[in-house]
Amino acid sequence: MSSAAPTAPDAAPEQAFRLADQVNRRPRATRLLAAVRRHRADLLAALIFAVLAGWLTHGLWPDPGARILALNPEDQTLYEWFLAVDARALLGDFDLLTDRLNAPDGVNLMANTTVIALGVLFAPVTLLLGAPVTFALLAAGNLAGTALAWYLLFHRTLRVRRVAAALGGGLCGFGPGMVSQTNSHLHMTAQWLVPVIVWLVVRLLRAADPGPGTPDQAGSTRATGPDRRRLFTSAAGLAGAISAQVFIGEEVLFLAAITLLVMAISYAVADRDLARRALPGFAGGLAIAAGLALLVLGYPLWFQFAGPQGVADGMFTPAYFSADLSSWWTLSPLSVAGSDESARLTTGPAEYNTFLGWPLLLVAAVCAIWAGRRRLVFACVAAGLVMGALSLGPEVVLGGTRTAIPGPYALIGGLPVVDGALPMRFALTLLPIVATLLVLAVDRALRSSGRARRLVPLAVGVALLPIFPTPLPTAGRPAVPEFITGGHWRQCVPPGGVLVPVPLPTPKEPWPMRWATAAGAGFGLPEGFFIGPYGRGGTAAMGTFKQPTSALLADVARRGDQPAIGDEQRRQAVRDADFWGASCVALTDDAPHAESLRATLEQLYGPPTRIADAWTWRV
């Protein structure tokens with residue numbers, strides 16, 4: 001007894017240390033499993049969204065370099081060029097005014113939808129596998145990422161059931177407008193930061209709200225004041241998210257800001273006590289966020305509007321890009337129950353933004369009445385009505401006919417920045433608004449014990465079924481010449497020099513830009529597909545004016561007639577080559593009317609040199 005007693009206290013610490021050592025060595029094998037088990041529902045949602053996004057874009061995956069989105073190939077060509085230029089930031093060769101297009105003036109990247117942040121982030125993929133692979137990844141990733149981000153916001157901020165959150169996230173990520181915009185508009189589908197911005201705004205509001213106060217010993221109520229530390233961290237996070245979104249897609253940020261503004265005003269009207277308590281701190285937090293963001297964005301925004309090749313106004317006509325009122329209750333041609341005939345109600349296959357269909361609109365209206373959480377629902381309905389009305393543009397169009405009835409957009413049209421956003425894209429904000437109404441209703445139903453527990457989710461499912469998306473159509477595209485893919489272009493153009501492909505790229509036929517993309521934007525091109533100032537007035541336009549030689553060659557490529565070439569045309573060809581700063585002119589055998597073009601070029605520049613599969617002229 002006496003010998004055993006003293007060993008027990010000594011053994012206890014040793015045993016504890018041994019157990020702690022085992023725990024410290026075990027986590028590598030168990031922490032990952034524990035994390036997976038803890039978040040397995042979230043991971044399952046992410047997997048489902050990823051599979052759905054991959055299925056919708058599966059036409060690109062067999063060979064991204066040889067496949068293209070059939071409904072909007074021009075814009076895909078443009079975005080792949082953007083990604084190739086952005087990727088050069090990893091090589092230390094990047095400027096907001098790029099000289100790799102529109103030689104010699106260049107292109108203002110901030111004035112174009114260049115998704116700079118995405119291009120830099122995916123630069124390793126672009127440099128290793130090519131811009132078409134990066135494009136395919138982003139086309140699918142934006143859909144899945146947006147759906148997952150909204151799912152997490154619904155579940156963790158609104159505290160709704162995961163099933164309800166998944167339905168809402170799915171609508172936000174794969175609704176008709178998102179699927180339609182996936183036809184090459186990467187800047188519009190990269191919306192996965194929007195839920196982060198919304199969460200930070202909500203967090204900022206909660207930090208600014210001191211609460212109704214607590215009674216002290218004398219029985220009077222004393223407010224506690226805002227949480228200043230949380231207020232600042234939320235403002236700093238909001239500034240970071242806003243800054244990042246500017247370099248991804250400014251139009252998405254603009255639409256989100258307008259929607260949040262309408263919702264904030266509506267919520268304040270519905271809850272005046274909260275507005276009085278939180279307004280000072282909330283406004284201060286927004287001011288901090290704006291100030292911090294301006295430190296990052298001040299120069300890029302100045303460069304966009306006032307820098308070289310910058311544009312200060314929008315180039316698209318609001319009246320043309322207005323949503324047809326009847327398109328709201330029509331189903332998208334890219335959904336399982338849609339019809340190709342309804343495509344006439346919009347400007348193109350990338351703009352089915354309003355095609356929610358009458359079943360979803362009807363169920364959403366019923367859910368708004370039944371869902372509860374009156375202040376949030378009121379704010380969502382108000383924002384939905386405002387944004388939906390603005391999408392109709394300056395004049396209401398019904399069934400393709402202009403009614404001469406002015407639309408609410410006429411009240412804000414012409415304001416700075418506003419014209420940069422197409423009216424019909426205001427409708428994209430309806431996806432998260434409608435999703436929020438459905439999420440609240442489904443969650444309330446799942447928490448009830450009556451017939452609503454089954455009836456509401458069933459009604460929501462039936463309403464969503466007709467807009468379930470179908471895979472995006474794809475098509476093959478011509479191979480890039482071996483002159484480019486084999487690196488032979490370096491024999492007549494120094495790195496960073498200017499190559500003149502024949503015919504030259506235009507907004508309607510940007511195909512030669514694929515040469516530069518395949519070469520990693522290693523050389524520049526004259527003219528091309530971009531937004532920039534046109535003429536002396538500097539009005540925003542797509543592309544630029546053609547030099548005489550470019551116009552001549554374009555006419556030959558279009559008609560096939562071989563023009564008469566005299567001394568004046570030869571002198572002009574030399575002047576144009578000097579203007580472009582060109583090193584080499586190149587023509588491939590698959591160019592339209594290649595024989596006539598070759599004969600014309602021989603008269604302009606003399607005998608050619610054959611390099612791989614291209615005829616070249618040093619100029």
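Nothing fancy with the numbering, it's 1 onward along the sequence.
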Review point. Can a salt bridge be assigned to the pair Arg277 and Asp273 using a cut-off of 4.0 Å between side-chain N and carboxylate O?
Key: no
Rounded to the nearest 0.5 angstrom, the CG-CG distance for Leu148 and Leu47 is 11.0 Å
> Should Pro176 and Leu431 count as side-chain neighbours, where that means a heavy-atom distance under 4.5 Å?
Replying inline: yes
Decide whether Ser326 and Asp324 meet the rule of one side-chain donor and one side-chain acceptor closer than 3.5 Å.
yes
Asp271 meets the salt bridge (Lys or Arg N to Asp or Glu O under 4.0 Å) criterion, sequence neighbours left out, with Arg375
So CG of Leu430 and OG of Ser391: to nearest 0.5 Å the spacing works out to 7.0 Å
### Task
Would you mind reporting whether Phe94 and Leu96 have side-chain heavy atoms less than 4.5 Å apart?
yes
### Message
Tell me whether Thr429 contacts the main-chain N or O of Leu255 through its side chain, where contact means a donor paired with an acceptor under 3.5 Å.
### Response
no
Check: Does a donor on one side chain sit under 3.5 Å from an acceptor on the other, for Tyr79 and His185?
Finding: no
The side-chain contact (heavy atoms from CB on, under 4.5 Å) partners of Thr347 (sequence neighbours excluded) come to Tyr320, Phe321, Glu351, Met424
Side-chain (Thr113) to main-chain (His187) donor-acceptor, under 3.5 angstrom = no
Compare all side-chain heavy atoms of Arg161 with those of Arg447 and state whether any distance is below 4.5 angstrom.
yes
Residues 346-393 vs ring pair (Phe, Tyr, Trp, His ring centres under 6.0 Å), sequence neighbours excluded, gives Tyr352-Phe355
From the list Asn353, Asn72, Asn142, Thr189, side-chain hydrogen bond (donor to acceptor under 3.5 Å, both in side chains) with Gln181 holds only for Asn353
Handout entry: From CA spacing to verdict: side chain to side chain contact (heavy atoms under 4.5 Å, CB included), Thr233, Arg203
Key = CA-CA 10 Å; Thr233 57; Arg203 192 171 185 265; 3.3 Å; yes
For Phe154, the ring pair (Phe, Tyr, Trp, His ring centres under 6.0 Å) test, sequence neighbours excluded, returns Trp150
Is Arg162 paired with Asp42 through a side-chain N to carboxylate O contact shorter than 4.0 Å? yes
Task: Side-chain (Glu251) to main-chain (Leu422) donor-acceptor, under 3.5 angstrom - done: yes
query: Backbone N or O of Leu69 within a donor-acceptor pair of the Gln76 side chain at under 3.5 Å?
result: yes
Note: Ile248 and Ala117 closest approach over all heavy atoms is CG1-CB, 3.7 Å
For a 4.5 angstrom cut-off between non-hydrogen side-chain atoms, does Pro394 reach Ser322? yes
Without hydrogens or angle criteria, can the side chains of Arg206 and Ser234 be said to hold a donor-acceptor pair below 3.5 Å? no
For Leu331 and Gly357, the nearest pair of non-hydrogen atoms, with its separation, is CD2-CA, 3.7 Å
Just by modelled atom types, is the Ile467 backbone N or O under 3.5 Å from a matching donor or acceptor in the Ser335 side chain?
-> no
- Query: Backbone N or O of Ser180 within a donor-acceptor pair of the Asn183 side chain at under 3.5 Å?
  - Reply: yes
Quick check: do Val363 and Val460 have side-chain heavy atoms less than 4.5 Å from each other? yes
### Message
Quick one: does any side-chain atom of Ser448 pair with a main-chain N or O of Ala445 as donor and acceptor, under 3.5 Å?
### Response
yes
Item to complete: Would you indicate whether the side-chain heavy atoms of Ile197 and Leu238 approach each other to under 4.5 Å?
Response: yes
Task: Whether Trp55 and Phe468 hold their rings parallel, tilted or perpendicular, with breakpoints at 30° and 60° - done: tilted
For Arg230, the salt bridge (Lys or Arg N to Asp or Glu O under 4.0 Å) test, sequence neighbours excluded, returns none
task: Compare all side-chain heavy atoms of Glu395 with those of Pro406 and state whether any distance is below 4.5 angstrom.
output: no
State whether a side-chain donor-acceptor pair under 3.5 Å links Glu250 with Gln245. no
Any heavy-atom pair between the side chains of Leu56 and Thr182 that's under 4.5 Å? no
Residues 244-271 vs ring pair (Phe, Tyr, Trp, His ring centres under 6.0 Å), sequence neighbours excluded, gives none
